[in-house]
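Notes follow the structure.
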Amino acid sequence: MDKELLKSTAQKIVAPGKGVLALDKSLPSANKTLEELGIEATEENRRRYRELFIGTKGIGKYLNGIILFDESFRQKDSVGTPFVEIIKDEGILVGIKVDKGTVPIPETEGEKFAMGLDNLDARLKEYFDGGANFAKWRSVFPIGKDIPSRVAIEINADSLALYASLCQQTNIVPVVEPEVLYDGDHTIEESFEATLHVLKGVFNKLSAYKVDLDCLVLKTSMVLPGKLSNQKVSDKAIAQATIECLKEVVPPEVAGVLFLSGGQMPSDATKHLNEIAKLEPLPWEVAFSFERAIEDPALQIWRGKDENVKKARVVFEETLKNNVAADAGEYKN
Ligand code: 13P
């Protein structure tokens, strides 16, 4: 384990003034996205969808990292240049999603377990040799009556901690992503409690597995009232609740905190990030690592048509600029 390499990679992932693009939809999610846009779900169309983003010139100005999925890690652009090479040429770090999606935990109220530990050591080695600098593992936690349960937190936290430890042994920085879901009608107070419990469980396990926190990045959801809740909460209050929760449980040694958008309207995710940044200085670097909130506006323009690529890329770059501004607390909407 090369601690200096890990530490400098972790710092680069969250270096100020840029963020991380999560371009790592699993096959079923990527297919669903394409089908919703009326595009046939084929490997070639998934490749074109990724090239729309990866092939945009100059995105190294806004991005420290791009997270890929196994299929895209091996794909090339339309003239045959590997995506990994294009990303590196922009000076952007390459990430790879390594969990294998979630399955229900039997006898629970809709709770889930993230799969993917089988063979993980060998897969990480292959990704490192192929150019990956960091990896991501996502576990999900719905909020409901008596959930997240102790069982769901324990099993997912164990996997996240073992994954993080294996990553560090392979000189890959782990991005540990316990996502508390925004679906549902819960209040912001319930979201705060759930996020706190989940993060406590995760950091207890990270400590038990002796994971180096300064060589690790946390990727987390914001503390929000549920999508179906009628509770009205200001952007500022969301930022304050999110940071209050994180400060209670995320040790200052952690290299940085990335936020996912979680299905919020893209503009809401950006505004919330902006309010979070206004609370700086914080114990850790913070930055965005959105997927839907960055991709969706461009995908709506692209819709699978080559003639729309140019316009969609302009929108993609605009969205990146807005989030970079928000990351500095300077977004004006
Ligand atoms: P969203 O920003 O769409 O929530 O995606 C981020 C992510 O990486 C989910 O795993």
Side-chain angles (χ1 to χ4, degrees), residues 1-16 18-24 26 54 60 63-75 82-100 114-139 156-178 202-203 205-220 250-258 260 284-287 289:
M1 172 173 151
D2 182 343
K3 172 124 182 155
E4 284 317 304
L5 172 64
L6 285 166
K7 212 169 146 179
S8 86
T9 304
Q11 285 166 358
K12 276 186 209 154
I13 295 171
V14 291
K18 298 182 192 183
V20 172
L21 170 63
L23 188 62
D24 62 343
S26 64
I54 296 170
L63 293 173
N64 288 321
I66 296 182
I67 313 174
L68 299 175
F69 180 69
D70 187 73
E71 183 180 69
S72 47
F73 192 76
R74 303 168 199 285
Q75 279 176 327
F83 284 158
V84 169
E85 196 178 312
I86 299 172
I87 294 171
K88 286 193 179 285
D89 284 350
E90 278 282 348
I92 300 173
L93 297 173
V94 174
I96 177 83
K97 171 185 169 80
V98 295
D99 66 79
K100 292 202 165 177
M115 310 278 281
L117 288 174
D118 275 7
N119 245 355
L120 181 59
D121 51 347
R123 288 163 57 216
L124 288 170
K125 170 114 191 19
E126 191 202 336
Y127 289 136
F128 181 79
D129 291 343
N133 308 101
F134 67 102
K136 171 189 123 171
W137 182 292
R138 171 178 180 252
S139 294
N156 282 295
D158 262 316
S159 300
L160 280 165
L162 181 56
Y163 139 82
S165 166
L166 288 170
C167 281
Q168 291 185 344
Q169 293 306 317
T170 322
N171 292 327
I172 286 187
V173 169
V175 172
V176 168
E177 182 181 357
V202 170
F203 280 98
K205 293 290 182 181
L206 289 169
S207 153
Y209 284 69
K210 301 189 169 52
V211 175
D212 274 321
L213 296 182
D214 56 352
C215 302
L216 168 145
V217 172
L218 172 71
K219 178 159 172 175
T220 181
V250 181
E253 296 79 30
V254 165
V257 175
L258 294 172
L260 57 92
W284 347 260
E285 289 292 343
V286 296
S289 178

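- Considering every non-hydrogen atom in both Val176 and Leu216, the closest pair reads CG2-CD1, 3.7 Å.
- Counting heavy-atom neighbours within 6.0 Å of Met1 CE, excluding the residue itself, gives a total above 12.
- Note that NZ of Lys100 is 12.5 Å distant from OG of Ser26, once rounded to the nearest 0.5 Å.
- Every residue two or more places apart in sequence or in another chain that forms a salt bridge (charged side-chain N to carboxylate O under 4.0 Å, His left out) with Asp129 is listed here: Lys125.
- Among all heavy-atom pairs drawn from Val250 and Trp284, the shortest one is O-NE1, 3.2 Å.
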Determine, step by step, whether Leu258 and Ile13 satisfy the side chain to side chain contact (heavy atoms under 4.5 Å, CB included) criterion, reporting the C-alpha distance in whole Å, the side-chain angles of both residues, the deciding distance to 0.1 Å, and the verdict. CA-CA 9 Å; Leu258 294 172; Ile13 295 171; 4.1 Å; yes
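- Side chain of Lys219 to backbone of Ser289: a donor-acceptor contact under 3.5 angstrom is found.
- One finds the CD1 atom of Ile92 at 8.5 Å from the CG atom of Leu21 (value rounded to the nearest 0.5 Å).
- Counting heavy atoms from C-beta outward, Lys12 and Asn64 have side chains that stay 4.5 Å or more apart.
- The main-chain N or O of Ala114 is found under 3.5 Å from a side-chain atom of Asn156 such that the two form a donor-acceptor pair.
- Open room surrounds CG on Asp118; 12 or fewer heavy atoms of other groups in view lie less than 6.0 Å from it.
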Which side-chain N or O atoms in residues 130-137 pair as donor and acceptor under 3.5 Å with protein atoms at least two apart or in another chain?
residue : atom : partner : partner atom : Å
Asn133  : OD1  : Lys88   : NZ           : 3.2
Asn133  : OD1  : Val94   : N            : 2.8
Lys136  : NZ   : Asp24   : OD2          : 2.7
Lys136  : NZ   : Glu177  : OE1          : 3.2

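- In this structure, CD1 in Ile87 is found 7.5 Å from CG in Leu23, a value given to the nearest 0.5 Å.
- With values rounded to the nearest 0.5 angstrom, Leu124 atom CG is found 6.5 Å from Leu166 atom CG.
- In terms of heavy atoms, Ala255 sits closest to Val14 at O-CG2, 3.5 Å.
- In summary, Asp99 and Arg138 do not engage in a salt bridge, as defined by a charged side-chain N under 4.0 Å from a carboxylate O.
- Comment: Lys7 does not engage Asp212 in a salt bridge, judged by the lack of any side-chain N to carboxylate O separation of less than 4.0 angstrom.
- Expressed to the nearest 0.5 Å, how far CD of Glu126 lies from CG of Asp70 amounts to 7.0 Å.
- Between the side chain of Tyr163 and the backbone N or O of Val175 there is at least one donor-acceptor pair closer than 3.5 Å.
- Without hydrogens or angle criteria, Thr9 side chain to Leu5 main chain gives a donor-acceptor distance under 3.5 Å.
- Between Leu206 and Leu160, the closest heavy-atom pair is CD2-O, 4.5 Å.
- The shortest non-hydrogen separation linking Val20 to Ile67 is CG1-CG1, 3.8 Å.
- Ile66 places none of its side-chain heavy atoms less than 4.5 Å from the side chain of Phe83.
- Legend: side-chain hydrogen bond (donor to acceptor under 3.5 Å, both in side chains) pairs involving residues 164-176, not counting sequence neighbours: none detected.
- Here the NZ atom belonging to Lys97 is positioned 15.5 Å from the CZ atom belonging to Phe73, to the nearest 0.5 angstrom.
- Shortest non-hydrogen contact noted between Ile54 and Leu68 is CD1-CD2, 3.9 Å.
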